[in-house]
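Here is the structure we will look at.
Predicted model, so just to flag it, every value in this text is computed and none were measured.
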Amino acid sequence: MSAFDDTRGILSPAEMRRHVDFRRFAAPAEFDGLLDFCWSVEWSFASEPAEQPRLPDGEATSPPERAPLFHRQRVVSRPAVNISVGVAPPPDVDVPGPHPLRAVVNGVTTKVQSRFLSGTGWNLAAKTTTGGFGAWVDRVGDLNDRVVPIHEVLGIEVESLPHRIAEIRAEVGSGAQSRSVMLSTCCSVLVDALGRALERADPRRVPIAREVSRIADIAEHDRSVRRVDELATIAGVTPRTLQRQFASFAGVSPTWVIRRYRLLDAAELARDGAEVDWSAVAAELGYADQSHLIREFTAAIGRSPAAYLRDQRAMRR
């Protein structure tokens, strides 16, 4: 699975794609180990229900199909920081738009988060690797579950960046190719700003951030890794050293990273609505038994694995 097909973390991705235009773009090679990819999302909803057509007395008509007025998107985030620009709504608040243009740093989200999308809007972001944001700042965990203006974290001028990106968006033509080029250009502007901020950061943190990212990538993809001591052995450090590095650079513990990726793997298996053997999944992902998987899945996502699978099937009908 490529990064561009991977929907882990996006709950009910088939439903999301009905309502929003979601795209990903590769990060420049010079940010390998620090930035994972850039992404954009755009949405447009009716401001009010469609009117019933008026016909002469006595003539019957079927009611018009109602266009959705909003979409509530739920996310169980990967262990990463997202630096974003746009008019996205604040998390976990059902407040209709429009929302102000702003540039923010979204810290690692440790719980299910929802975004109430209404009206017309857009958001553009650069997603870091796990540990990558530690190249820019120390004590990444201080940002967990917070949305902070970008100038407070990175010293990037709060006015110039979002308005420059908004200007580029305003200049785009109507063609699909023009829009793709526009979004790619906007990503470049955002990444360039992050590059300038990185030049002001402590250069000694960059190689360590890349190493934490490398170890986190092993935790993500090697399902045989189930404990922090196993991951520390691969990294060639003590568990205590690994825990300190993850706390500073990733904002969460290596154990939390392992468990979060296993939960995302489990949720991804249900995305297409196909039958899932949850007992076999629990064994493959390293859970003691199926009941442990069910407890952690339900606590993190708010639905049991079986209920979440039923949701995905219903959305594909």
Hydrophobic cluster membership, with links at side-chain heavy-atom distances under 4.5 Å among I/L/V/M/F/W/Y: are [X] and [Y] in one?
X      : Y      : value
Val104 : Val140 : no
Val206 : Val81  : yes
Ile150 : Val148 : yes
Leu198 : Val189 : yes
Val41  : Val75  : no

Taking atom [atom1] of [X] and atom [atom2] of [Y], what is their separation to the nearest 0.5 Å?
X      : Y      : atom1 : atom2 : result
Leu101 : Asn123 : CG    : CG    : 9.5 Å
Arg78  : Arg260 : CZ    : CZ    : 11.5 Å
Ser40  : Phe25  : OG    : CZ    : 4.5 Å
Leu11  : Gln73  : CG    : CD    : 7.0 Å
Thr255 : Leu231 : OG1   : CG    : 8.5 Å
Thr128 : Phe37  : OG1   : CZ    : 10.0 Å

Would you say the side chain of [Y] lies within less than 4.5 Å of the side chain of [X], judging by non-hydrogen atoms?
X      : Y      : value
Phe133 : Val153 : yes
Val228 : Gln243 : yes
Trp256 : Pro79  : yes
Ser118 : Leu69  : no
Val20  : Ser44  : no
Cys187 : Leu124 : yes
Arg24  : Asp6   : yes
Ile218 : Ile215 : yes

| Does Arg295 CZ have over 12 foreign heavy atoms under 6.0 Å away? | yes
| query | Got a sec: does the CZ of Phe70 have more than 12 other heavy atoms crowding it under 6.0 Å? | reply | no
| message | Does the structure place the NZ or CZ of Arg262 under 6.0 Å from the centre of the six-membered ring of Tyr287, at an angle of no more than 45° from the ring's axis? | response | no
Heavy-atom closest pair, residues [X] and [Y]:
X      : Y      : answer
Arg169 : Leu183 : NH1-CD2, 3.8 Å
Gly132 : Ala209 : O-CB, 4.1 Å
Val147 : Arg115 : CG2-NH2, 4.4 Å
Val212 : Gln245 : CG2-CB, 3.9 Å
Ala135 : Leu34  : CB-CD2, 3.8 Å
Ile301 : Val112 : CA-CG2, 3.8 Å

Under 3.5 Å, is there a donor-acceptor pair between the side chain of [X] and the main chain of [Y]?
X      : Y      : result
Asn144 : Thr110 : no
Asp92  : Ser114 : yes
Ser184 : Ser180 : no
Ser248 : Arg244 : no
Glu230 : Arg226 : yes
Arg200 : Leu154 : yes
Asp289 : His292 : yes
Glu268 : Thr7   : yes

| request: Would you check, one step at a time, whether the test side-chain contact (heavy atoms from CB on, under 4.5 Å) holds for Val191 with Cys38? | output: CA-CA 9 Å; Val191 170; Cys38 294; 3.6 Å; yes
Can [X] and [Y] be counted as having a side-chain donor-acceptor contact under 3.5 angstrom?
X      : Y      : value
Gln312 : Ser12  : yes
Asn106 : Ser84  : yes
Asp277 : Ser279 : no

Salt bridge present between [X] and [Y] (N-O < 4.0 angstrom):
X      : Y      : value
Glu211 : Arg214 : yes
Arg223 : Asp265 : yes
Arg205 : Asp202 : no
Lys111 : Asp145 : no
Arg146 : Glu152 : no
Arg313 : Glu275 : yes

| request: Take Val225 and Ile234 through the side-chain contact (heavy atoms from CB on, under 4.5 Å) test and state the conclusion after the steps. | output: CA-CA 9 Å; Val225 175; Ile234 295 172; 3.7 Å; yes
| said: Under the criterion side-chain contact (heavy atoms from CB on, under 4.5 Å), I'd like the reasoning laid out for Met182 against Ile168: C-alpha separation, chi angles, the key distance, then a yes or no. | reply: CA-CA 7 Å; Met182 175 273 291; Ile168 295 171; 4.0 Å; yes
| field | Ring geometry between Phe22 and Trp39 (parallel below 30°, tilted from 30 to 60°, perpendicular above 60°) | value | tilted
| query | Can you say whether the rings of Trp136 and Phe31 are parallel (under 30°), tilted (30 to 60°) or perpendicular (over 60°)? | reply | parallel
| query | Could you walk me through whether Ile165 and Leu190 pass the side-chain contact (heavy atoms from CB on, under 4.5 Å) check? | reply | CA-CA 8 Å; Ile165 290 176; Leu190 174 57; 4.3 Å; yes
